[in-house]
Number of protein chains: 2
Amino acid sequence: MTPRRIYVHDVAMRDGLQIESQFVATEDKVRMINALSRTGLHKIEVTSFTSPKAIPALRDAEMVLCQIERLPGVCYAALVPNMRGAERALECKADELNLVMSASETHNLCNTRMTRQQSRRVLADICRLAEGQSAINLSISTAFGCPMEGDVPVAEVLALGDWFVKEQGVGRITLCDTTGMANPAQVERICQGLVERWHGVEITLHFHNTRGMGLANVLPGLAAGIDHFDASLGGLGGCPYAPGATGNICTEDLTHMLESMGYSSGVDLDALLACAAQMPGLVGHGVPGYVLKAGKSDRRYETPADFEQTRARAQGRI
Amino acid sequence: MTPRRIYVHDVAMRDGLQIESQFVATEDKVRMINALSRTGLHKIEVTSFTSPKAIPALRDAEMVLCQIERLPGVCYAALVPNMRGAERALECKADELNLVMSASETHNLCNTRMTRQQSRRVLADICRLAEGQSAINLSISTAFGCPMEGDVPVAEVLALGDWFVKEQGVGRITLCDTTGMANPAQVERICQGLVERWHGVEITLHFHNTRGMGLANVLPGLAAGIDHFDASLGGLGGCPYAPGATGNICTEDLTHMLESMGYSSGVDLDALLACAAQMPGLVGHGVPGYVLKAGKSDRRYETPADFEQTRARAQGRI
């Protein structure tokens with residue numbers, strides 16, 4: 001039986017780097033993205049077209065997108081929160097504009113400085129502008145809870161997605177657990193029936209590992225038939241509105257889990273781990289990923305030096 | 001509907017401390033166990049009756065077990081690998097002797113210095129010795145893979161458990177992922193039908209978070225009807241035969257996940273977090289648990305100082 005294909009998206013260069021205080025040199029970003037391109041990842045979110053004042057870490061968005069090699073079969077996406085960002089991303093020929101707005105009003109105001117109503121209008125305008133030039137993905141932030149408001153009604157999340165899918169023709173939707181509030185029972189509740197509801201739409205889940213449940217949350221997503229997942233190399237990431245929050249789920253840990261479960265990620269895990277090994281040097285500090293430190297599950301250890309003695313002594317006792 | 005009850009066992013004082021290079025003072029161990037007793041945990045593994053030379057960190061096993069307060073409703077367990085350990089544990093009136101042997105020959109030789117055949121005989125003798133004095137749990141190490149041999153046939157794990165359940169009358173079995181090799185698909189395969197196979201037996205799963213999949217592995221266990229889980233406060237732990245391997249799944253992270261999913265753990269999570277907060281001081285270094293750092297999922301954050309201005313400006317734009 002052919003294993004089920006699961007698509008892994010890396011967002012480290014955007015969601016990971018945006019919160020770093022140290023600026024990563026453009027050529028280092030380009031080199032990392034070029035290396036990631038060769039691992040078999042389905043999509044790489046390479047930067048964000050936000051205000052350079054708001055996110056100085058990604059002030060080189062144009063240069064990154066124009067200098068990277070574009071490999072066929074890899075989707076090079078850029079985050080876009082507003083019209084100015086969309087114009088910049090289209091100039092650089094991003095394969096995908098990843099539009100972002102929050103399901104909760106407070107987070108949307110904090111993150112985009114617009115009301116949700118304003119974001120809807122602006123993002124709808126961007127959909128029209130991008131037609132024939134670039135694919136559109138809509139990322140719904142705080143879909144599993146808002147760090148300021150708390151619970152976000154599922155009906156509101158779904159209605160927001162419905163509007164973009166049915167009224168604006170958006171073909172790709174990401175539900176984002178922006179600050180790691182989701183739990184597996186909740187993911188199951190939200191995702192059940194989603195594939196049917198948004199038939200033909202590429203649905204992605206975006207989890208953070210804030211409370212250690214990141215990979216656990218992937219499982220009910222898989223069970224609901226969703227097969228695209230965002231993750232961040234090394235587990236880099238965080239959220240400016242939730243201090244203390246750890247990063248995205250880790251790309252190499254996710255890939256390792258999927259492959260060990262028998263799914264096909266299309267990713268060369270060893271090549272991915274080689275990229276992850278560069279991350280601490282790139283950002284100047286350790287990263288939270290597990291497999292990088294422990295090795296893959298199939299790693300074998302030598303027996304202790306006195307093993308043959310131990311065995312002989314035990315067998316002599318019989 | 002009454003939420004399903006899930007039983008959380010803490011093994012930090014045994015599986016966690018056994019690998020620490022720094023000796024934790026007996027009175028500090030006793031104080032921590034007494035605090036854990038008041039959190040609502042079902043079981044606490046308080047120490048190990050192994051050779052003080054092999055595991056100096058737990059050389060005070062007798063003193064710990066004799067000095068702790070015993071609260072009704074809490075099971076105070078001690079690990080026991082051989083007859084001498086059993087005699088010591090029975091003298092101290094441990095509620096439960098947690099017998100241990102490995103499913104793989106190499107790991108069993110390394111860990112107990114006996115062949116599996118010898119371990120079976122010794123542990124069966126202990127079962128008879130303990131009758132009427134103490135409950136018996138059998139922990140099967142390397143049930144999900146051996147760090148030296150690799151794959152361990154499921155049939156061997158099940159046959160080993162069968163023999164103890166059916167021939168020796170053991171009423172409690174723990175399947176241990178000793179070095180964090182398990183993945184959720186494998187847990188599902190092994191655990192499916194286990195509750196029926198070992199009818200009436202208290203079945204526990206013991207996971208490590210070595211590759212970040214620890215909490216993910218709990219989910220197929222829950223789905224298979226298993227409702228006892230080992231975990232370690234702060235996520236302390238490791239394995240002497242697998243350097244680099246991170247600790248057990250974290251007790252407070254597990255409890256947080258279970259409660260957020262709607263299960264009833266019977267544990268006061270805030271009291272448990274207060275215990276976890278003492279762990280870095282106890283062992284002299286940071287611990288890997290997530291919820292301790294990020295706060296619970298229901299933690300709320302203040303809006304930024306300029307939020308009202310942002311909102312007024314956005315609304316003025318309409």
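None of these values were measured; they are calculated from a predicted model. Residue numbers begin at 1 in each chain, while the letters A, B, ... track the order of the sequences.
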With only heavy atoms counted, which part of [X] is less than 4.5 Å from chain A, the side chain, the backbone, both or neither?
X	value
E188(B)	neither
C146(B)	backbone
L109(B)	both
D306(B)	side chain

### Query
Is a side-chain N or O of R116(A) found less than 3.5 angstrom from the main chain of A103(A), in a donor-acceptor match?
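Yes.
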### Message
Between S264(B) and R5(B), is there a side-chain donor-acceptor contact under 3.5 Å, judged purely by atom types and distance?
### Response
no
### Pair H206(B), D15(B): side-chain N/O donor-acceptor within cut-off below 3.5 Å
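Yes, side-chain donor-acceptor contact under 3.5 Å.
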### Message
Any non-hydrogen side-chain atom of M213(B) less than 4.5 Å from a side-chain atom of P184(B)?
### Response
yes
### Query
Of the backbone (N, CA, C, O) and the side chain (C-beta and beyond), which part of E149(A) lies under 4.5 Å from a heavy atom of chain B, both, or neither?
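Contact with chain B involves the backbone of E149(A) alone.
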### Query
Looking at N111(B), L99(B), V122(B), T50(B), which hits side-chain contact (heavy atoms from CB on, under 4.5 Å) with P81(B)?
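In the set N111(B), L99(B), V122(B), T50(B), the residue that makes a side-chain contact (heavy atoms from CB on, under 4.5 Å) with P81(B) is T50(B).
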### Message
Tell me which of these, R189(B), H256(B), Q186(B), E105(B), has more heavy-atom pairs under 4.5 Å with chain A than the rest.
### Response
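Of the options given, most contacts go to H256(B).
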### Message
For chain A, which candidate among R300(B), M261(B), M181(B), R211(B) shows the most heavy-atom pairs at distances under 4.5 Å?
### Response
R211(B)
### Query
Taking every heavy-atom pair that is under 4.5 Å apart, which of L254(A), L219(A), D253(A) has the most such pairs with chain B?
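Highest number of pairs under 4.5 Å: L219(A).
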### Task
Write down the atom of V80(B), the atom of A86(B), and the distance for their closest heavy-atom approach.
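Looking at all heavy atoms of both residues, the closest pair is CG1-N, 3.5 Å.
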